[in-house]
Amino acid sequence: MTTPFPNKLLWSRTYNAGGTSGTFGQELPAIFDDESKIAGDATGTLIGLSQSADANTGYRSALGLLNTGYNAAIFKVELFDSDGNLKGTL
Amino acid sequence: MGTRTDQLARTVGLVLGGGAGMLGFATTPVHAEPPSSIHGTVAMAADNPGKHGMHWRTQLWASQEAVDRAMLRVCAGNEAHPAAASECQQFPVAKGKVLTPENVLSGFPLTPPAALYFSWDGIPAEQGVVFTRTYTVAPNGQPGTFGQGAHGQLLTTLPAAGVSQIVPLALDALTFRSNVGIANLGSAKTVTVRVRNTQGVVVGEKAYTLPAFGWRQLNDVFLELGIATYSYSFAEPFGTAPFAAYASIADNTSGDPTTMPAKWAYDAQRGLFIPVAARLPGYTGTQWRTDAVAINWQGAEKEILFSSRCRTGTTTGTQTHGCWSSTRTRRSSHGRTSSARSTASTIPKEVS
């Protein structure tokens with residue numbers, strides 16, 4: 001979703017509805033398009049990921065990649081453990 | 001930092017607000033000198049009981065890749081027990097490694113919840129990453145946890161004095177409750193919280209004085225301000241900078257809160273993206289969906305264009321190739337709220 005006008009403030013909540021226990025979800029921040037344009041080989045860091053070996057317990061982590069430009073972009077993802085050891089590459 | 005009067009006030013607040021859980025402080029002097037050179041805040045952290053037998057806690061993560069070893073200093077404070085320099089904790093953070101203190105507030109001599117205040121030593125604050133998740137085990141014996149992530153917010157990104165911070169409140173005020181939180185990143189100050197309805201009309205207002213590096217959450221802001229509940233309304237905390245504000249909107253049925261960080265007016269014409277939206281089936285017959293809320297904070301009535309792009313599509317005008325897309329336009333006047341629900345309807349599963 002985009003809104004190109006000044007002084008428009010935007011928030012969103014993506015959530016799971018339809019269950020008897022109410023809703024569960026989270027806020028997803030609105031990002032200015034000039035903030036989202038990364039030039040060259042800029043690197044971002046995500047921390048706090050977790051992946052349980054047992055699909056029925058613990059956590060799993062999903063990673064989203066969004067190209068906000070009009071040209072194809074190549075993303076390289078490297079996954080490290082908490083000690084900084086490289087565990088895999090996408 | 002802070003005046004002698006401020007410090008006396010903070011000490012009195014500590015004694016009066018401490019309660020039985022803080023009797024130990026009667027014999028352990030607390031240095032009320034607030035921390036200096038704070039770089040940022042995580043405006044809400046917990047280690048306290050919630051409703052339905054839940055217990056909230058906050059996990060902290062921090063990392064840096066700039067130098068072999070940097071130090072992260074973490075302080076904690078609330079209204080009754082503002083952050084004190086002598087109580088801050090130091091964590092070494094090696095290059096490329098992730099600091100993971102579980103239940104970070106458990107090491108502080110205060111009664112949570114509280115805000116975290118942090119600073120980096122050895123690197124510019126912009127080169128450090130601070131992230132938290134505040135969560136609880138699900139109520140009523142359900143397995144697993146639920147909660148909310150929150151980034152560290154740098155002092156340099158907060159607005160100047162006199163700039164109102166805006167937070168949306170619950171779109172449905174009957175099934176959700178709306179809390180508003182304020183973390184003070186400077187000397188004692190008064191922050192006024194004003195609530196406006198969907199038409200932008202002020203329906204309630206109250207001023208709060210926060211000690212230096214103190215924090216307060218207004219639980220059920222409508223009740224707190226003594227006003228009726230209004231759906232699609234928003235709150236406007238304003239006062240002397242710097243402070244950070246947020247809304248925590250909790251589902252009364254599930255207890256799950258969603259933290260909405262404050263935003264503020266900007267001059268330039270800038271597009272905004274919400275990186276993902278959904279409308280697709282989830283587990284056990286549930287449905288994922290996205291609500292969006294926009295506020296026209298200043299200027300004349302304008303149209304707000306909500307448009308969606310699918311995962312693999314390219315957009316020409318409003319027509320997206322590769323998947324179906326919807327575009328909805330909302331008209332919003334100065335100070336009014338506009339909202340859209342599930343604007344990404346029929347977006348395929350791969351966006352999830």
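All chains are named by letter (A, B, ...) in the order of the sequence lines, taking the proteins before the strands, and each is independently numbered beginning at 1.
Considering only heavy-atom pairs separated by less than 4.5 Å from chain B, the leading option among A:L65, A:T57, A:D83 is A:D83. Contact count versus chain A (heavy atoms, under 4.5 Å) is highest, among B:V129, B:T175, B:T100, for B:V129. Between chain B and the options A:G64, A:P29, A:G58, the largest number of non-hydrogen pairs under 4.5 Å is found for A:P29. In terms of heavy-atom pairs under 4.5 Å with chain A, the best-connected choice from B:P168, B:G96, B:S63 is B:P168.
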Table please: side-chain donor-acceptor pairs of residues 256-265 of chain B below 3.5 Å, with sequence neighbours left out.
| unit_1 | atom_1 | unit_2 | atom_2 | d |
| --- | --- | --- | --- | --- |
| B:D256 | OD2 | A:G25 | N | 2.8 |
| B:T258 | OG1 | A:R13 | NE | 2.6 |

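Applying the side-chain hydrogen bond (donor to acceptor under 3.5 Å, both in side chains) test to B:S231 and every residue at least two apart in sequence or in another chain returns nothing.
Remark: the B:T134 side chain and the B:T58 side chain contain an N/O donor-acceptor pair separated by less than 3.5 Å.
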Problem set entry | Audit row: A:L49, A:L79, side-chain contact (heavy atoms from CB on, under 4.5 Å) steps and yes/no | CA-CA 9 Å; A:L49 307 182; A:L79 187 64; 4.0 Å; yes
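Heavy-atom distances place the side chain of B:E65, and not its backbone, under 4.5 Å from chain A. No part of B:A94 comes within reach of chain A, as not one of its non-hydrogen atoms sits under 4.5 angstrom from that chain.
The minimum heavy-atom distance linking B:L174 with B:N252 is given by the pair O-ND2, 3.7 Å.
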